[in-house]
Q: 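Just dropping this structure here.
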Amino acid sequence: MTSASTAQSASADPSPDDRATGSPGDAGGGGIPAAVRRRLATVDDRIGRGQAWLATTVVVVIAAILRFVGLSHPPGKIFDETYYAKDAYGLIDRGVEWNYKDNGPSYVVHPPLGKWLIGLGEWAFGYQDTETNISVPGHLVTTAPEFGWRFGAAVAGTVSVLLLVRIGRRMFRSTVLGCAAGLLLALDGFHLVLSRSAILDIFLLLFVLAAFGALVLDRDARRRRWARALEAGLDPTLHGRAGRPPSGWRDWPWWRFAAGVLLGCACAVKWSGLYFVPAFALLVLLWEVGVRRSAGVRRPWRDAVLDELPWLLVAGVLMVVTYVATWSGWLLSDDGYYRLAARYPNTPGLSDTPVIGPLVNLWEYHKAAYGFHTQLDDPHKYQSWPWQWLLLGRPVAFYWSGDGNCGASSCASEVLLLGTPLLWWSFLPALAATVWLGLARRDWRAGAILLSVAAGLLPWFWFALDGRTMFSFYAAPAVPFLVLAVVYVLGAIATPAPVSGTAPPPSAEQVGDRRLVGGIIAGAYVLLVALCFGYFYPVFVGRLLPYADWSARMWLDGRWI
């Protein structure tokens, strides 16, 4: 599933900006055989840029309105905000997570980057903690304190919608399908709740998706590099450097390096970002093999491994350096937990040796946190197993209150981490269809989507074997790729199957009819998802409802209560 059908568009949008490039400076000109030019083609962002960005802006504005309006409700710290909002303020105030109640360093088991991003909102808009009587005004403007600690999550959720629109457009060569992907993510209740809560998973989702987007850009850049070299007369059958494109510093895989940095950021939010590292490295190799095979290289696998392994190692080093850099507050302070061996005389392995001592202690801290995660098996009311997640078997209640005047004798207000049911119950059929279409069409997009979903979900099935406590929000990084699977299938419905063998190509009328029918089906599906989202919206944002109206939304025999 690498490159054989790179030019096979799943587009339902016949606008000019969806066409693959064919210019000499992009995907080759008359000097390249038509079949090779077609396989090396990429989206030309110079065509239809204004219309594409206008459509993107509309989707992102919808996402932003849903995420920022009423962000301060519910009041107070909900669910795990009681940990992360406090830790974030400690990072902003002292450079490390700090327990102000006991006046000592906090022992935390997640890296600091996500909490730094939460803390930036607290710095800008203010922070308050009634338990410790802390009340700090914002440096930019003072608002309700909940807005401050939820601001970063709302920004991350909105930006992730923007990224998915642009990634979808580039992968499917369709502004319509790209916007459909972004709109579906914007209308997902699961994503919305995470975007309106000061917990870490929305930041993990953002950095994983951004890393994937960087690799898609890297794929396109490398294909254009090969196309230019072939147009200039490169003979790919030659051995050694003679059969390779130029390798000056401008030709280095800069987007791949950016992906390494972004994966370092993902791991610095939660260690589960590591699951995407081997998956994305495999994607890079598959795509590099594909471009060499399309160009006519005799041994594409061998050459891809030899040529690209050093660059992957550089990206890996950048990932590690980025991860360690996010601990700079801990490294440069004497206050962090386990930071100084002298303060923990009963803890073996710590060291106060200059320079190397902080790194040794950081390693010991990581060992202790890893031990905590591996032994986390205490039962929890809202825990669930991975095979329940896509079925919405056990969502997590972030907030509940029966107080308030709703005009009825009994009221309810809840924030429920629940995916929009129609969308989420489409994921499994869409994955099955993506497998079939990917094999039938040998489509690199299907492989990229499926591998990314596997990286986000399958490791948790393994951890379930030892009974580890887990929750549905662990699936967050996989959600954008699940949405891409749905959109991929919608695009396939609207697109004739690739021509093979001696079969005649479809007529323009047949293509137009297919796109019309497919467009109606896709439009109807998105509309139904929007209606479903609207029905459940009150339990995504904690709106006060009559108890009977709230109960009507608790489906699956009370499993959502």
Side-chain angles (χ1 to χ4, degrees), residues 5-21 41-64 66 157-188 191 205-206 208-221 223 255 423 426-427 430 434 437 443-450 452-453 478-495 515 518-527 529-530:
S5 62
T6 301
Q8 297 162 1
S9 172
S11 172
D13 180 6
S15 60
D17 64 307
D18 299 330
R19 294 195 295 262
T21 62
T42 61
V43 166
D44 188 349
D45 283 327
R46 298 168 299 180
I47 303 176
R49 179 182 296 176
Q51 297 93 324
W53 274 109
L54 178 61
T56 300
T57 301
V58 171
V59 173
V60 173
V61 167
I62 292 172
L66 291 171
T158 304
V159 173
S160 65
V161 171
L162 168 64
L163 289 176
L164 193 63
V165 172
R166 305 307 294 180
I167 291 170
R169 178 180 179 269
R170 183 165 288 273
M171 291 181 68
F172 303 133
R173 300 187 190 173
S174 168
T175 299
V176 167
L177 291 181
C179 288
L183 186 59
L184 289 175
L185 188 64
L187 298 177
D188 174 35
H191 187 273
L205 180 156
L206 171 66
V208 167
L209 181 61
F212 177 82
L215 291 181
V216 172
L217 289 171
D218 174 70
R219 176 187 182 276
D220 283 359
R223 299 179 83 78
W255 282 114
L423 175 62
S426 302
F427 286 160
T434 301
L437 289 167
D443 196 332
W444 69 271
R445 296 166 298 191
I449 292 168
L450 292 170
S452 300
V453 171
V479 171
F481 303 105
L482 291 164
V483 171
L484 285 176
V486 171
V487 175
Y488 176 72
V489 175
L490 293 177
I493 292 173
T495 306
R515 287 186 171 178
I520 293 173
I521 293 173
Y525 173 81
V526 174
L527 177 60
V529 169

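Quick caveat: nothing in here was measured; it's all calculated off a predicted structure. No hydrogens, no waters, no symmetry mates; every other heavy atom, side chains included, goes into these values.
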Q: If every non-hydrogen atom of Phe172 is compared with every non-hydrogen atom of Arg445, which pair is closest and at what distance?
A: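 The answer is CA-NH1, 3.8 Å.
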Q: Nearest 0.5 angstrom please: Asp188 CG to Leu66 CG, how far?
A: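 Reported value, rounded in 0.5 Å steps: 11.5 Å.
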Q: Shortest non-hydrogen contact from Ala186 to Ala63?
A: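 Taking every non-hydrogen atom into account, CB-CB, 3.8 Å.
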Q: Of the non-hydrogen atoms in Leu163 and Ala210, which two are nearest, and what is the gap between them?
A: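 Reported closest heavy-atom pair: CD1-CB, 3.8 Å.
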Q: Between Trp53 and Thr175, is any pair of side-chain heavy atoms under 4.5 Å apart?
A: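 Sidechains of Thr175 and Trp53: no contact.
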Q: May I ask you to test the Tyr525-Ser426 pair for a side-chain heavy-atom distance under 4.5 Å?
A: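 In contact.
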Q: Please test His191 against Leu205 for side-chain contact (heavy atoms from CB on, under 4.5 Å), starting from the C-alpha separation and ending with a verdict.
A: CA-CA 9 Å; His191 187 273; Leu205 180 156; 3.9 Å; yes
Q: Just so I know, are the side chains of Val208 and Phe481 near enough to count as touching, which here means a heavy-atom distance under 4.5 Å?
A: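 Yes - at least one pair of side-chain heavy atoms lies under 4.5 Å apart.
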Q: Decide yes or no on side-chain contact (heavy atoms from CB on, under 4.5 Å) for Thr158 and Leu162, but give the supporting numbers first.
A: CA-CA 7 Å; Thr158 304; Leu162 168 64; over 6 Å; no
Q: Heavy-atom distance under 4.5 Å between the side chains of Leu209 and Leu164, does that happen here?
A: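 Heavy-atom side-chain distance check passes, below 4.5 Å.
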Q: CG of Leu437 to CD1 of Ile493: how many Å apart, nearest 0.5 Å?
A: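 Those atoms lie 9.0 Å apart.
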Q: Does Phe427 reach the side chain of Val453, with side-chain heavy atoms less than 4.5 Å apart?
A: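 Heavy-atom side-chain distance check fails, nothing below 4.5 Å.
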Q: Considering all heavy atoms of both residues, which atom of Gly168 and which atom of Leu484 are nearest to each other, and what is their separation?
A: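 Closest approach of Gly168 to Leu484, heavy atoms only: CA-CD2, 4.2 Å.
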Q: Are Arg219 and Trp255 side-chain neighbours, meaning at least one heavy-atom pair lies under 4.5 Å?
A: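 No, every pair of side-chain atoms sits at 4.5 Å or beyond.
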Q: In Å, rounded to the nearest 0.5 Å, how long is the span from CZ of Phe212 to CG of Asp218?
A: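 Rounded to the nearest 0.5 Å, the CZ-CG separation comes to 12.0 Å.
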Q: Would you call Leu177 and Met171 a side-chain contact if the rule is heavy atoms closer than 4.5 Å?
A: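 No; the side chains remain at least 4.5 Å from each other.
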Q: Of the options Leu183, Ile449, Leu184, which is the one that meets Val483 in a side chain to side chain contact (heavy atoms under 4.5 Å, CB included)?
A: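 So, applying the side chain to side chain contact (heavy atoms under 4.5 Å, CB included) to Val483 and each of Leu183, Ile449, Leu184, only Leu184 qualifies.
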Q: Answer yes or no: is there a side-chain heavy-atom contact under 4.5 Å between Leu187 and Leu423?
A: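 Contact flag for Leu187/Leu423 side chains = no.
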